[in-house]
Amino acid sequence: MINQAYEFKLEGKPIYCERYGSGHINETYLLIDEYAREYILQKINKSIFKNTEMLMKNISAVTEHLNRKVTEGKVLTLVPTKKGENFLIDESGEYWRLYEFVCDSVCLNKAESADDFKESAFAFGLFQKMLADFPAETLFETIPDFHNTPKRFQAFHEALKADICDRAAGVKAEIEFALANENYASTLMDLQNANKIPLRVTHNDTKLNNVLLDRKTRKAVCVIDLDTVMPGLSVNDFGDSIRFGASTASEDEKDLSKVNLDLEYFEAYTNGFLSACGKDLNKEEISHLPDGAKMMTLECGVRFLTDYLSGDTYFRIHYPEHNLDRCRTQFKLVQEMDKNWDKMQAIVKKYS
């Protein structure tokens with residue numbers, strides 16, 4: 001890996017390069033040069049991201065736009081190669097990129113307080129605000145139909161029909177729940193097609209660990225992991241954060257009685273998000289933020305169920321029923337959102 005580092009415009013000679021972080025998609029390394037300047041070196045997973053050059057074009061365009069606008073915090077900064085490119089293709093055909101390291105920051109996998117969650121919301125809201133005038137349609141769709149929920153249901157039906165692992169008979173309750181919610185699945189797509197909610201630049205992986213917080217103040221510093229930045233819906237970015245961060249249990253919790261919607265965290269996130277970008281969203285987007293939360297949770301549950309029926313070919317599993325447990329937590333969370341729907345809407349109204 002240190003050989004690839006020599007191809008980038010570093011301040012000094014690279015002297016240290018070791019694996020870094022806990023990401024599962026790309027290979028990530030901490031790189032240090034002779035002047036103690038730190039960088040993040042990544043080998044991009046080209047089996048996941050089929051068109052790496054267009055992916056990097058997306059990231060370059062978005063980060064340049066953000067850098068022209070940023071007034072607080074930081075923006076991921078690409079370090080060019082010695083040939084002036086924003087990525088490197090090595091002799092083996094592997095793709096590499098280099099970012100400046102964001103110093104004095106911390107990355108959390110789970111919020112330690114509602115304030116932590118609110119800060120991540122502010123960061124993703126500010127991301128929306130600063131990109132509100134960016135022409136989303138000019139970006140490459142890194143993963144086509146990523147949040148096209150009706151198409152996710154179509155894939156579910158195909159997996160159910162094939163039932164290649166003979167698992168359908170053992171998950172009748174989960175199948176029935178998915179089918180009972182299928183009519184709802186087109187809600188956001190219908191609004192987009194009717195031009196009621198606009199296509200925007202979206203992050204599409206708005207988990208807490210994709211925001212760096214200041215190590216001392218715990219204020220949001222920088223949004224990271226821009227591989228899935230592409231055209232999408234703001235409500236889905238909001239919703240994916242809620243799906244993951246406002247659940248009271250882990251994504252694969254076996255005891256479903258522990259899976260609830262944390263309304264304190266939902267309110268904290270709504271407050272942070274709308275305080276940053278509320279003036280840049282239209283009324284339909286704001287009123288449908290609860291739908292974003294429910295839709296992303298339902299969609300994720302259907303994807304886990306589809307993968308379980310298909311033999312666990314997409315999501316990494318650690319035991320045979322892993323995807324089924326994940327599916328069940330998501331469906332339980334959908335039920336909890338339904339129970340708290342009026343409260344969720346009231347919270348959104350309060351901060352809009």
Side-chain angles (χ1 to χ4, degrees), residues 1-11 14 16-33 37-67 74-102 105 107 109 123-124 127 131 134 136 138-147 201-212 222-232 237 240 303 307 313-316:
M1 282 63 67
I2 206 160
N3 291 332
Q4 285 83 358
Y6 278 99
E7 302 299 322
F8 290 90
K9 289 183 179 178
L10 304 177
E11 292 291 322
Y16 174 90
C17 187
E18 293 292 339
R19 287 295 291 264
Y20 183 82
S22 58
H24 297 306
I25 304 298
N26 302 312
E27 287 185 20
T28 302
Y29 301 85
L30 175 63
L31 177 71
I32 303 176
D33 70 15
R37 285 288 301 267
E38 296 176 309
Y39 307 86
I40 290 294
L41 177 67
Q42 287 185 316
K43 183 170 78 170
I44 305 169
N45 189 330
K46 61 183 182 181
S47 65
I48 298 293
F49 302 111
K50 306 294 185 183
N51 193 329
T52 309
E53 294 185 19
M54 292 302 295
L55 178 151
M56 290 305 301
K57 186 176 180 181
N58 278 3
I59 293 175
S60 181
V62 166
T63 53
E64 287 175 10
H65 185 91
L66 290 172
N67 269 310
K74 296 182 180 180
V75 177
L76 277 182
T77 301
L78 286 164
V79 178
T81 67
K82 292 177 179 178
K83 294 181 179 180
E85 304 290 343
N86 58 23
F87 63 90
L88 168 73
I89 306 177
D90 67 16
E91 294 179 352
S92 301
E94 299 294 343
Y95 287 76
W96 298 81
R97 65 177 169 225
L98 191 70
Y99 288 114
E100 292 182 4
F101 188 82
V102 181
S105 63
C107 178
N109 286 317
F124 285 121
F127 185 83
L131 291 165
F134 189 102
T138 64
L139 291 178
F140 172 71
E141 198 172 2
T142 313
I143 305 176
D145 294 313
F146 189 54
H147 285 319
V201 179
T202 47
H203 185 279
N204 294 295
D205 192 13
T206 51
K207 296 184 182 69
L208 175 69
N209 58 12
N210 281 331
V211 173
L212 298 180
C222 184
V223 171
I224 61 173
D225 194 358
L226 305 180
D227 287 334
T228 52
V229 168
M230 55 184 164
D237 263 9
D240 204 30
R303 291 179 65 196
D307 202 30
T313 59
Y314 186 85
F315 295 105
R316 182 179 298 180

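For clarity, every value in this text was computed on a predicted model and none was experimentally measured.
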Participant: With sequence neighbours left out, what residues match Leu226 under side-chain contact (heavy atoms from CB on, under 4.5 Å)?
Facilitator: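 Per chain and number, Leu226 pairs via side-chain contact (heavy atoms from CB on, under 4.5 Å) with Ile59, Thr63, Leu76, Phe127, His203, Val223, Val229.
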
Participant: Does Asn45 use its side chain to pair, donor to acceptor, with the backbone of Asn26 at less than 3.5 Å?
Facilitator: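 Such a contact is absent between Asn45 side chain and Asn26 backbone.
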
Participant: Can you tell me how far SG of Cys222 sits from CG of Asn210, rounded to the nearest 0.5 angstrom?
Facilitator: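 Reported to 0.5 Å precision, the distance equals 10.5 Å.
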
Participant: Treating Thr206 as the side-chain partner and Asp237 as the backbone partner, does any N or O pair qualify as donor plus acceptor under 3.5 Å?
Facilitator: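 Present.
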
Participant: Within a strict 4.5 Å, meaning less than it, do heavy atoms of the Met56 and Ile44 side chains meet?
Facilitator: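 Yes, at least one pair of side-chain atoms sits under 4.5 Å.
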
Participant: What's the spacing between Ile143 CD1 and Thr228 OG1 if we round to 0.5 Å?
Facilitator: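 So the CD1 of Ile143 and the OG1 of Thr228 are separated by 6.5 Å.
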
Participant: Of all the heavy-atom pairs spanning Phe134 and Ala61, show the shortest one and how long it is.
Facilitator: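 Nearest heavy atoms, Phe134 then Ala61: CE1-O, 3.8 Å.
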
Participant: Does Asp205 have any salt bridge (charged side-chain N to carboxylate O under 4.0 Å, His left out) partners at least two apart in sequence or in another chain, and if so, which?
Facilitator: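 Per chain and number, Asp205 pairs via salt bridge (charged side-chain N to carboxylate O under 4.0 Å, His left out) with Lys207.
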
Participant: State, with a plain yes or no, whether a side-chain heavy atom of Arg97 is found less than 4.5 Å away from one of Asn86.
Facilitator: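 Of all side-chain heavy-atom pairs linking Asn86 with Arg97, none is under 4.5 Å.
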
Participant: Do Arg37 and Leu10 have side chains that get closer than 4.5 Å, going by heavy atoms?
Facilitator: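 With C-beta onward as the side chain, the pair stays apart.
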
Participant: Of all heavy-atom pairs between Pro231 and Ala136, which one has the smallest distance, and what is that distance?
Facilitator: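 Minimum heavy-atom contact is CG-O, 3.1 Å.
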
Participant: For the residue pair Tyr95 and Glu53, establish whether any side-chain heavy-atom pair is separated by less than 4.5 Å.
Facilitator: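 The answer is yes; the side chains approach within 4.5 Å.
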
Participant: Just jot down the salt bridge (charged side-chain N to carboxylate O under 4.0 Å, His left out) partners of Asp33, sequence neighbours excluded, or say none.
Facilitator: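 Applying salt bridge (charged side-chain N to carboxylate O under 4.0 Å, His left out) to Asp33 gives none.
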
Participant: Can you name the closest pair of heavy atoms from Phe8 and Leu41 and give their distance?
Facilitator: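 Nearest heavy atoms, Phe8 then Leu41: CE1-CD1, 4.1 Å.
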
Participant: Drop me the distance from Lys57's NZ to Phe87's CZ, to the nearest 0.5 angstrom.
Facilitator: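 CZ of Phe87 is found 11.0 Å from NZ of Lys57.
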
Participant: Which heavy atom of Lys46 sits nearest to which heavy atom of Gly93, and what is that distance?
Facilitator: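 That would be NZ-O, 2.9 Å.
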
Participant: Taking side-chain contact (heavy atoms from CB on, under 4.5 Å) as the test, write out the residues that go with Lys9, two or more places apart.
Facilitator: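 Residues passing side-chain contact (heavy atoms from CB on, under 4.5 Å) with Lys9: Pro80, Lys82.
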
Participant: What residues, two or more places apart in sequence or in another chain, satisfy side-chain contact (heavy atoms from CB on, under 4.5 Å) together with Asp90?
Facilitator: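 side-chain contact (heavy atoms from CB on, under 4.5 Å) list for Asp90, sorted by chain: Gln4, Ser92, Glu94, Trp96.
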
Participant: To the closest 0.5 Å, what do you measure between CD1 (Ile224) and OG (Ser105)?
Facilitator: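 Reported to 0.5 Å precision, the distance equals 8.0 Å.
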
Participant: Look up atom CD in Glu11 and atom CD in Glu100, then write down how far apart they are to the nearest 0.5 Å.
Facilitator: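 Atom-to-atom, Glu11:CD and Glu100:CD are 8.5 Å apart.
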
Participant: Before giving the answer on side chain to side chain contact (heavy atoms under 4.5 Å, CB included), spell out for Thr142 and Asp227 the whole-Å C-alpha distance, their side-chain angles and the decisive distance to 0.1 Å.
Facilitator: CA-CA 8 Å; Thr142 313; Asp227 287 334; 5.7 Å; no

Participant: Does Phe140 reach the side chain of Asn51, with side-chain heavy atoms less than 4.5 Å apart?
Facilitator: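 When only atoms from C-beta onward are counted, Asn51 and Phe140 do touch, with a gap below 4.5 Å.
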
Participant: Rounded to the nearest 0.5 Å, what separation is found between the CD atom of Glu141 and the CE atom of Met230?
Facilitator: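 Answer rounded to 0.5 Å: 6.5 Å.
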
Participant: If I compare all heavy atoms of Thr52 with all of Phe49, which pair ends up nearest, and what's the gap?
Facilitator: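 Smallest interatomic distance, heavy atoms only, reads OG1-O, 3.3 Å.
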
Participant: Kindly write out the residues that satisfy side-chain contact (heavy atoms from CB on, under 4.5 Å) with Ile32, not counting sequence neighbours, or none if the list is empty.
Facilitator: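 If we apply the side-chain contact (heavy atoms from CB on, under 4.5 Å) test to Ile32, skipping adjacent residues, the hits are Tyr16, Leu30, Glu38.
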
Participant: Pairing donors with acceptors under 3.5 angstrom, does anything connect the side chains of Thr202 and Asn204?
Facilitator: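 A donor-acceptor contact under 3.5 Å links the two side chains.
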
Participant: Under the 3.5 angstrom rule, does the side chain of Asp307 hit a backbone N or O of Phe315 as a donor-acceptor pair?
Facilitator: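 Checking the backbone N and O of Phe315 against the side chain of Asp307, a donor-acceptor pair under 3.5 Å is found.
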
Participant: Given side chains that start at C-beta, do those of Tyr99 and Leu78 come closer than 4.5 Å, heavy atoms only?
Facilitator: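 Result yes, sub-4.5 Å side-chain heavy-atom pair found.
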
Participant: Return yes when atom CZ of Phe101 has more than 12 non-hydrogen atoms of other residues, nucleotides or ligands closer than 6.0 Å, and no otherwise.
Facilitator: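 Result for CZ/Phe101: enclosed.
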
